[in-house]
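Notes to accompany the following structure.
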Amino acid sequence: MYKFNDKKREITFDKYNTPTPWMNYLSNGTFHTMISQAGGGVAFYKSPQIWRINHYRFFHLPTDRSGFYTYIKDGNDYWCPTNEPCKTKPEKWSATHGMGYTRFEAERNGVAVTATYFVGEFENALLWNLKIKSNFDKKLVIFPYVELGMMEFMRELQWQCYNKHQLSCYNMGDVLVYKYGVEDQPKPDETPLVYFSADVPPTAFDCDRDEFIGSYRSEENPKNVENGKCTNSTMYGGDPCFALELDIDLKAGEEREINIFLGTAMTEGDIQKSVEHCKEAGFVKKSFDALLAHWDNYLSRFQCEIPDKDAQTMINIWNPYQAERNFQFSRNISYYATGTFRGIGVRDTAQDILAMVPFDIRRAKDKLNLLFTQQYQDGHCNHYCFPTEGWEPVTRIHSDNHLWLVMTAYHIIMEEGKLDYLDEAVSFYDGGSATVWEHIKRSIDFCMKNLGENGFPLMLSSDWNDMLYKVCRKGRGESIWTAMQFGTVLRMIAELAKLKGEEEQVYLDIYENQKRLVNEKAWDGDWYIRCITDEGKYIGSKKEPQAKIWLNTQSWSVISGMGENGMRAMDSVKKYLDTPLGIKKIDPAMTTDYPTKDENLTSYNKGCGENGSVFCHANTWAIIAECILKRPENAYKYYHQLLPMIAQQKAGEWRYKAEPYVYASNIFGPESDKFGLANVSWLTGTAAWMYIAVTQYMLGIKPKWDGLEIDPCLPGEMLPAKVTRIFRGRKYNITITKNKRTFIAADDENENIVI
Ligand code: IFM
């Protein structure tokens, strides 16, 4: 069904009807396209909330429509190289996802088409390169087609019947243009025009979707494809589309290359320039070569050779690729998320940045600076923000957002071995500006000013676990997990303070106090309690009938160094939470009347999401904890069982459903009859943290202030491991044959290390 080709950094599918659409993201940082193995997907300029280019019908059947289709009309026959959406299928077919591109190779009736889609760095456009070859003399009609929609997807759902009168789609020379002219749109001056063009002159076009498709038809059998010709429809009010009719004569054995450009530009004049640029000889090749070179360079910063080839595929290619896409899109738009309400989540993005730090430190800093602009003078942060859309942020105060900022700043400093970043000035959300150093000190202050009756940080609107908002509505609930997160970052800020020549003891004192509380009040005999409700009830305790044990307070008791019984806590994780498909978040899952019917902790079914699924994001912290405890077998077990291709094999392709090359947020847990169903793939904190877990803890290559620490925690199956890691301008070749800590001082010129 699929095959990885690591040399080319590709995965190829020989079947279009995968259990769910298996996506790829194509992007140049401004123009983005999510595309499936069957050509379905959605393109957007900057924001899928306000500048979405085409329709993608979430949740609806038929699945994975619409997309970026090319109809090949060959006599009475017509088909698509993407396989979908035509009923008539290619005789031979494959789809391939690569780094920033997706390629389809298809053949029917002696006509072979290779269609490669990518977004290059030189124009804001989805480039769509078609190579068409025929074994016979043929007259083909090629119809590239995209179904457009209103750019503001939510407004479209509500107001389409009126607002459609403000959409225009027309022909300008040989270029089709779409103008979204809806009143009160968020940023009219920044709203681009969309264009569609080919580098061969079209014979005809359509801009009116219903003209092209016909009534009671669909993308499967468009009327104008069946008729073999477009009708030159324009669309000033209605449902727009872009369709071109390209008439091609091919001699037997001849190959033709045609390029299609779906792009954005601000004015008609800019469109002319962009299209001319796209059509320049060599432009498409130059753009594609630059894309390959970009990923070659990006991924070369950390490469490994290890006996576990599935892990190697993830570490070298797909995991950092996925993490980069998370860094860009936060949790915004995927096959699962409609891209309508989530902007940049402060905590989510702060965690995503961790996996950008080793690759592009400036990008990491700029993104973190953006998050600092969401911090208030008192140290707390907005929960999400919408810098592209210009919308008001979500201002809920969670107990953890501001603390992630400290951790991410610490990672940046350790990567660079310089304190300069701490001096960069960034504004506060509520006015004024301060250095990064001041910002992170405010994070600590806020936490100190918001401790509860028991001395732990107040839960506020929940901690990392979205579900815990119900235990804190009256403002008294406390998070023991946040105490551990607080402890983790207190040690980091203490180290930074010392490096800056400032008082570190103050942070260490707070740490010791929190540590004492954790051990005195939160140890339940075999594990650590999760949190305390407004009413003073302990959640995550043996004494409770449900949700007795929670994963995060066990793993973070170790990560924070606070848990005197950390090893025992992690033994309990193994005993009560581990499953063949990953570690459950809690056990047992809750019923919807726990603790009480009126004030229940969850409405989720058992085994779903936060209520007892295998929460992959949280599994990464168990891997890290096991590495800290120096238990390589456990760490590897937890790591290996969540490798997407392994989890998919174990659960079965039709149970697992999601992509075998990227991590999912969660997998339905054993208390669900869908145990093994992976959910919310691609955009999840799992990507960044899995990368940190395997590179910095299992392989153990961790940036420290005065050099690179190599402290591996690998089982026999992962040895020997060879790693190349670019660090502070040097390329280190590291061979690990055993688990022994080694330190490479920053001024050590030896770049070849054997352990
Ligand atoms: O921490 C959250 C995240 O912000 C959104 N997805 C789920 C996580 C755990 O609840």
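The analysis underlying the following values was restricted to heavy atoms, covering all of them including side chains, and did not include hydrogens, waters or symmetry mates. We count ligands from 1, going down the list as the structure has it; atoms in each ligand are counted the same way.
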In short, A622 meets L551 closest at the heavy-atom pair CB-CD1, 4.2 Å
Ring centres under 6.0 Å, that's the criterion: do [X] and [Y] meet it?
| X | Y | result |
| --- | --- | --- |
| F153 | F341 | no |
| Y376 | H402 | no |
| Y636 | Y638 | no |

Contacts of Y538 meeting ring-ring contact (aromatic ring centres under 6.0 Å, His included) (sequence neighbours excluded), chain-then-number -> none
Note: R342, heavy atoms under 4.0 Å from ligand 1, region reported as side chain
So for E610 against ligand 1, with non-hydrogen atoms under 4.0 Å, the contacting part is side chain
Checklist entry - Any N or O of D466 that comes nearer than 3.5 Å to an N or O of ligand 1? => result yes
> Taking N or O atoms only and a 3.5 Å limit, does D348 qualify as a polar contact for ligand 1?
Replying inline: yes
If we number the atoms of ligand 1 from 1 as shown, the ones under 4.0 Å from a heavy atom of R347 are 1 (O), 2 (C), 3 (C), 4 (O)
Per-atom filter on ligand 1: closer than 4.0 angstrom to a heavy atom of N465 are 10 (O)
Looking only at protein heavy atoms, what sits closest to atom 2 (C) of ligand 1 is W464 O, 3.2 Å
Checking Y45, F329, Y25 against H32 for ring pair (Phe, Tyr, Trp, His ring centres under 6.0 Å), the one that qualifies is F329
